Amino acid sequence: MTGQLGLADFFEEFLNKQSIFIDKKALQQNYTPQVIPHRQNQINQVAGILAPVLRKEKPSNIFCYGKTGTGKTVVVQYVIQKLLESASARNVPLKTVYVNCKLKKIADTEYRIIAELARSLGKDVPSTGLPTDEVYNLFLEAIDEKEQTVLLVLDEVDRLVDRAGDEILYNLTRINGQLKKSQVSLVGISNDVRFMDNIDPRVKSSLGEEETIFHPYNAMELKEILEERAKLAFRPDVLEGGVLEKCSAYAAREHGDARRAIDLLRVASEVAERENATKILPEHIDKAEERIERDRVLEITVTQPKQSQAVFRAILDIPVNKKIETGEVYEKYKGICSAAGLTPLTQRRVSDLIGELDMLGLITAKVISKGRYGRTRQIYMTVSEDLSTKLKDKLKEELGI
DNA sequence: AGGTATTCACATGAAACTATTCTCTGAGTTAGG
DNA sequence: TAACTCAGAGAATAGTTTCATGTGAATACCTGT
């Protein structure tokens with residue numbers, strides 16, 4: 001990076017500086033690809049189940065299971081997109097509504113879900129003020145406006161159910177009885193394989209008329225998915241050999257999450273671009289992983305409530321790689337509380353908070369018994385030294401100490 | 001030596017309490033007829 | 001007069017506290033050799 005850079009190099013760099021991307025959108029989260037490797041079975045299955053709409057018959061309700069990043073959403077959206085195309089070519093009235101129940105502010109209570117559904121059908125629903133059954137009526141009205149089939153896609157229903165109970169599902173499955181002209185079919189998507197276990201049996205039988213299971217991808221399948229996307233996203237020869245392999249291997253390590261793999265590739269390409277590299281190298285994958293992890297940890301940290309932050313701050317005081325116990329954390333935590341002007345919580349609650357931090361992956365905590373000397377959690381940090389200092393700074397702002 | 005009982009330092013559960021957020025009702029307001 | 005707005009009551013929820021019970025194994029204490 002000195003002024004001694006030869007002119008030839010400079011020109012070289014300049015010429016190559018045109019973006020390594022053709023179409024970066026192909027790597028973004030909400031992109032629906034036209035080629036979905038290794039999911040032909042599921043596509044056929046879903047398409048087969050939904051196909052009756054083209055004959056104006058009511059398709060069965062479907063339920064899709066599978067962990068995150070196994071292609072559930074992509075497959076469903078792909079099929080629906082194709083279905084809409086054929087439907088409009090044939091003049092079959094078909095409407096689809098997609099709601100992601102994970103998005104908190106939009107859809108985590110019965111009211112909000114129904115309001116959101118009604119809204120996407122073109123009704124104007126105030127965000128508060130109406131009784132829930134009023135909103136139901138609006139929703140029904142919207143559907144029954146004309147003769148049509150409506151497909152309701154509920155992404156991540158498991159979230160919805162453990163927030164708001166399964167009553168909504170029950171109501172939705174019975175909605176057809178109240179419709180005169182039109183008909184409704186449900187497509188449920190869930191990350192939780194055991195989701196159906198603790199659900200009202202009445203809902204179970206009607207929602208789960210058909211089920212499609214999505215298995216995690218293995219490293220090879222991930223690689224092919226990445227190849228497919230990379231073809232669209234990058235100019236040829238941008239990828240150094242081994243990059244995709246590394247990328248997919250990393251993602252496969254964690255239950256074969258394709259979204260993760262694609263994210264990793266995207267961030268790696270951004271890193272490469274920023275460095276003015278002409279190629280994406282395996283090192284960029286490492287940097288990308290580090291960055292994703294760092295962003296994730298920072299993001300989670302700042303969105304935690306103050307009390308959790310205080311507990312986390314207390315834990316951060318341990319030197320990296322050294323273990324600490326609940327009692328010690330609690331003492332430190334009390335100190336932090338008085339410094340930050342918070343009223344300290346009971347040890348009982350702090351114990352739960354520590355458990356939550358563990359679930360979030362910010363810390364690692366394990367319950368061990370030290371025999372005569374009691375039973376406790378051993379807590380330690382898994383983050384690197386400089387991330388740890390960064391976190392302390394961040395928390396200093398947040399807590400005002 | 002081998003076996004049982006204690007004991008520690010919290011973990012884990014359940015119930016009760018509180019503060020906040022939602023839902024819903026009805027009074028008051030507006031606007032169109 | 002129907003439709004809309006909005007304050008406030010009451011219900012639902014999330015976050016905590018209080019009280020109670022549970023836990024695993026290092027130690028202490030026996031017991032019989």
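The chains referred to below are lettered A, B, ... by the order of the sequence lines, with proteins before strands, and numbering in each begins at 1. Here the structure is a predicted model, which means the values were calculated and not measured.
In this model, a donor atom of one side chain and an acceptor atom of the other lie less than 3.5 Å apart for A:Lys82 and A:Gln34. For the 3.5 Å distance criterion, the side chains of A:Glu210 and A:Asn61 fail to qualify, holding no donor opposite an acceptor.
At whole-Å resolution of the value, CD in A:Glu356 and P in B:dA11 are 14 Å apart. Nucleotide C:dT23 holds its C1' atom 13 Å from the CD1 atom of A:Ile368, rounded to whole Å. Look at NZ on A:Lys306: it is 18 Å from C1' on C:dT16, rounded to the nearest Å. As rounded to whole Å, 16 Å separates atom P of C:dA14 from atom CG of A:Leu353. When rounded to the nearest whole Å, the span between CZ of A:Arg377 and C1' of C:dG24 equals 15 Å. The interatomic distance linking A:Tyr330 (OH) with C:dT17 (C1') rounds to 11 Å, in whole Å.
Comment: A:Arg266 engages A:Glu270 in a salt bridge, judged by a side-chain N to carboxylate O separation of less than 4.0 angstrom. The pair A:Glu245-A:Lys223 counts as a salt bridge, with a side-chain nitrogen and a carboxylate oxygen less than 4.0 angstrom apart. A:Lys370 and A:Glu325 are joined by a salt bridge, as a carboxylate oxygen and a charged side-chain nitrogen come within less than 4.0 angstrom of each other.
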* Structure fact -> Reading nucleotides 14-20 of chain B from 5' to 3' and marking B where a protein heavy atom lies under 4.0 Å of the base, S where only the sugar-phosphate is that close, and - otherwise, the string is -------
* Asked: Does the side chain to side chain contact (heavy atoms under 4.5 Å, CB included) test come out yes or no for A:Glu147 and A:Ser182, once each step is laid out?
  -> CA-CA 5 Å; A:Glu147 206 172 300; A:Ser182 42; 6.0 Å; no
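One finds no side-chain N or O of A:Ser351 lying less than 4.0 angstrom from the OP1 or OP2 phosphate oxygen of B:dC10. Distances shown here put a side-chain N or O of A:Thr346 below 4.0 Å from the OP1 or OP2 atom of C:dT17. Distances shown here put every side-chain N or O of A:Arg349 at or beyond 4.0 Å from the OP1 or OP2 atom of B:dG13.
For the pair A:Arg229 and A:Tyr31, the cation-pi test (distance below 6.0 Å, angle within 45°) is failed.
Listed for the A:Asp155 side chain is no donor-acceptor partner under 3.5 Å among the backbone atoms of A:Val99. Proximity of a side-chain donor or acceptor of A:Asn176 to a complementary backbone N or O of A:Val184 within less than 3.5 Å is detected.
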Check: protein-nucleotides 6-9 of chain B nitrogen or oxygen pairs below 3.5 Å:
from  : atom 1 : to       : atom 2 : distance (Å)
B:dT7 : O4'    : A:Arg372 : NE     : 3.3
B:dT7 : O3'    : A:Arg372 : NH2    : 3.2
B:dC8 : O4'    : A:Arg372 : O      : 2.8
B:dC8 : O2     : A:Gly371 : O      : 3.1
B:dC8 : O2     : A:Gly374 : N      : 2.8
B:dA9 : N3     : A:Arg375 : N      : 3.1

